[in-house]
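Everything numeric here is computed off the predicted structure, so don't read it as measured data.
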Amino acid sequence: MFLNSSENTAFKSRKQASSTRGRLPAPDQQAKRARLLAPPPADPCDNSNDSGLGVDFNEDESLSGFSRAVTSDGSISLNVISQPESQHRARYQTEGSRGAVKDASGQGHPVVKLDGYDRAAVLQVFIGCDDERMVNPHLFYQACRVSGKTASPCAESCVAGTNVLELTFNKENQFTIICDCVGILKQRNVDVAQRVENACAQKSRKKSTRCRLVFRTQVELPNGMTETLQVLSNPIACTQLPGMPEILKVSRTSSSSEGGKELFVLGKNFLKDSRVVFQGRGWKNEAVPEKEYLQPTHLVCTIPAYCGSSLPETVEMFVRSNSRQSEAVHFTYNQSADGRWGQQVVQPPPQSNVCELLQDLISAKPLPPQSGTSVEKFLSDIEQQPQPSVTAEGDPFYLATAGQTESSVLDPIVQ
């Protein structure tokens, strides 16, 4: 008897069931089977999109939405009076507090004011994505409470997996809140991946290190309706800023007015937007480093042409990176050959008697016995030579006669 494929599959399943009838699987197999068959646990934070920057929440408890700072009738508005600083290094879970977010001046803290409202209201503060219009909680950064003697009292809660700090608008503070208790906490990538449904997609995308403070409050209109006002702060970079650029050594300290030569600069904290600036009296020129050789510790650029009016001129050369510049070093533009590392600039021959130079050397500083004997022998050899020849220009030039002597005579003197 032959069976088709469906009948054969049913026959095998009945045979397996009969063979295992009356036997219970091992406890570890039961637990494994239960884990496989059980539905995944509900995670309030497991509603993220694939951007890796924010979380999509349910409609009833969402912190997302379009930013709206004024009510529909235009009578009440929520405004940021003092913006936060543009850079604040977020605190990691394994380190201590790095303090509250400062304002743009660095002397105070962000200030939020509720205009046109005369009743108490709750201000919610959380960390959002770097988006000008859309409010979306950040996935990798959370708001954390910073305690202090002068910090404003605030409550901390969790709304759909997002940490929210709550402060109160009232008549005592004139409906103006100084947010001096708001810090930024960096979430571990491993913890974020566990909360996200598509963890592989999250790992493949670049994580954003910029965020915004989101200020949110609910007000009641005269007609009895309630509206939610949300306003975003300016972007905040949550990473540590690189150090000040620094020049340690350069391959050239001078150049001809035409420029065009390569300049090697060794230093620190060079970024992708680095520029080598040459600044003289009333002019400035920049050199763009070659991308292939641009590294945090060195760069290569082409010396720009001289733009001044008089040569030679010593100008200031410095490196500018991310709106920060290094200390200036001196660089000279001239019409002669430029200097390099280890290059000896050829000096013109002295226009004086070699014998007089050696006599001045002996009288100015006593020489060792060996050098003194060599000098005396050299002088005696000079006296035995014929009169010095005259150069084409007609000037006596004793070096022409001295060059006829053996070079071994001058070796002890040079040494």
Supply the atom-to-atom distance [X] [atom1] to [Y] [atom2], rounded to the nearest 0.5 angstrom.
| X | Y | atom1 | atom2 | result |
| --- | --- | --- | --- | --- |
| Ile81 | Ile178 | CD1 | CD1 | 11.5 Å |
| Leu229 | Asn79 | CG | CG | 9.5 Å |
| Gln187 | His138 | CD | NE2 | 11.0 Å |
| Lys102 | Cys179 | NZ | SG | 13.5 Å |
| Lys261 | Ser255 | NZ | OG | 8.0 Å |
| Lys272 | Asn322 | NZ | CG | 12.5 Å |

Item to check | side-chain contact (heavy atoms from CB on, under 4.5 Å) between His88 and Ile184, intermediate numbers included | outcome: CA-CA 8 Å; His88 178 82; Ile184 301 178; 4.0 Å; yes
Side chains of [X] and [Y] in contact at under 4.5 Å (non-hydrogen atoms):
| X | Y | result |
| --- | --- | --- |
| Arg324 | Pro245 | yes |
| Tyr333 | Pro312 | no |
| Thr226 | Val219 | no |
| Ser77 | Tyr117 | no |
| Asn163 | Cys144 | no |
| Asn334 | Ser254 | yes |
| Val125 | Val164 | no |
| Val122 | Thr217 | no |

Checklist entry - Step by step, would you call Asp131 with Asn136 a side-chain hydrogen bond (donor to acceptor under 3.5 Å, both in side chains)? => result CA-CA 8 Å; Asp131 194 335; Asn136 201 9; over 6 Å; no
Salt-bridge criterion met for [X] and [Y] (N-O under 4.0 Å):
| X | Y | answer |
| --- | --- | --- |
| Glu262 | Arg252 | no |
| Arg275 | Asp273 | no |
| Glu316 | Lys284 | no |

Indicate the atoms forming the closest heavy-atom contact of [X] with [Y], along with that distance.
| X | Y | value |
| --- | --- | --- |
| Ile127 | Ala143 | CG1-N, 3.3 Å |
| Arg68 | Thr228 | NH2-O, 3.9 Å |
| Cys129 | Pro137 | SG-O, 3.7 Å |
| Ala287 | Thr302 | CB-O, 3.4 Å |
| Val101 | Gly183 | CG2-CA, 4.5 Å |
| Cys154 | Arg145 | O-NH1, 3.3 Å |

Is a side-chain donor or acceptor of [X] paired with a backbone partner of [Y] at a separation under 3.5 angstrom?
| X | Y | answer |
| --- | --- | --- |
| Thr71 | Ile76 | yes |
| Gln142 | Gly161 | yes |
| Gln83 | Asn234 | yes |
| Arg212 | Ser233 | yes |
| Arg188 | Val192 | no |

Next on the checklist: Working note: Thr209 + Phe140, criterion side-chain contact (heavy atoms from CB on, under 4.5 Å); need CA distance, chi angles, decisive distance, verdict.
Outcome noted: CA-CA 8 Å; Thr209 59; Phe140 295 96; over 6 Å; no
Around atom [atom1] of [X], are there more than 12 heavy atoms of other residues, nucleotides or ligands at under 6.0 Å?
| X | atom1 | result |
| --- | --- | --- |
| Lys186 | NZ | yes |
| Gln295 | CD | yes |
| Glu327 | CD | no |
| Ile236 | CD1 | yes |
| Met225 | CE | no |
| Glu292 | CD | no |

Checklist outcome for this item: Exactly one of Asn173, Ile177, Asp180, Thr168 clears side-chain contact (heavy atoms from CB on, under 4.5 Å) with Ser152, and that residue is Asp180
So, [X] versus [Y]: side-chain donor-acceptor pair below 3.5 Å or not?
| X | Y | answer |
| --- | --- | --- |
| Glu313 | Tyr306 | yes |
| Ser72 | Glu227 | yes |
| Gln174 | Thr176 | no |

Next on the checklist: side-chain contact (heavy atoms from CB on, under 4.5 Å), that's the test. Do Phe169 and Glu172 meet it? Break it down for me.
Outcome noted: CA-CA 8 Å; Phe169 286 114; Glu172 285 74 13; over 6 Å; no
Checklist entry - Hey, mind stepping through Val80 and Phe215 against side-chain contact (heavy atoms from CB on, under 4.5 Å) and telling me if it holds? => result CA-CA 9 Å; Val80 180; Phe215 305 99; 3.9 Å; yes
Item to check | Check: Trp283 ring centre within less than 6.0 Å of Phe278 ring centre | outcome: no
Checklist entry - Residues in side chain to side chain contact (heavy atoms under 4.5 Å, CB included) with Phe318, at least two apart? => result Val277, Gln279, Gln325, Ser326, Ala328
Next on the checklist: Please evaluate residues Ser105 and Gln107 with respect to the criterion side-chain hydrogen bond (donor to acceptor under 3.5 Å, both in side chains), reporting the C-alpha separation (whole Å), side-chain torsions for both, the decisive distance (0.1 Å), and the verdict.
Outcome noted: CA-CA 5 Å; Ser105 64; Gln107 304 297 326; over 6 Å; no
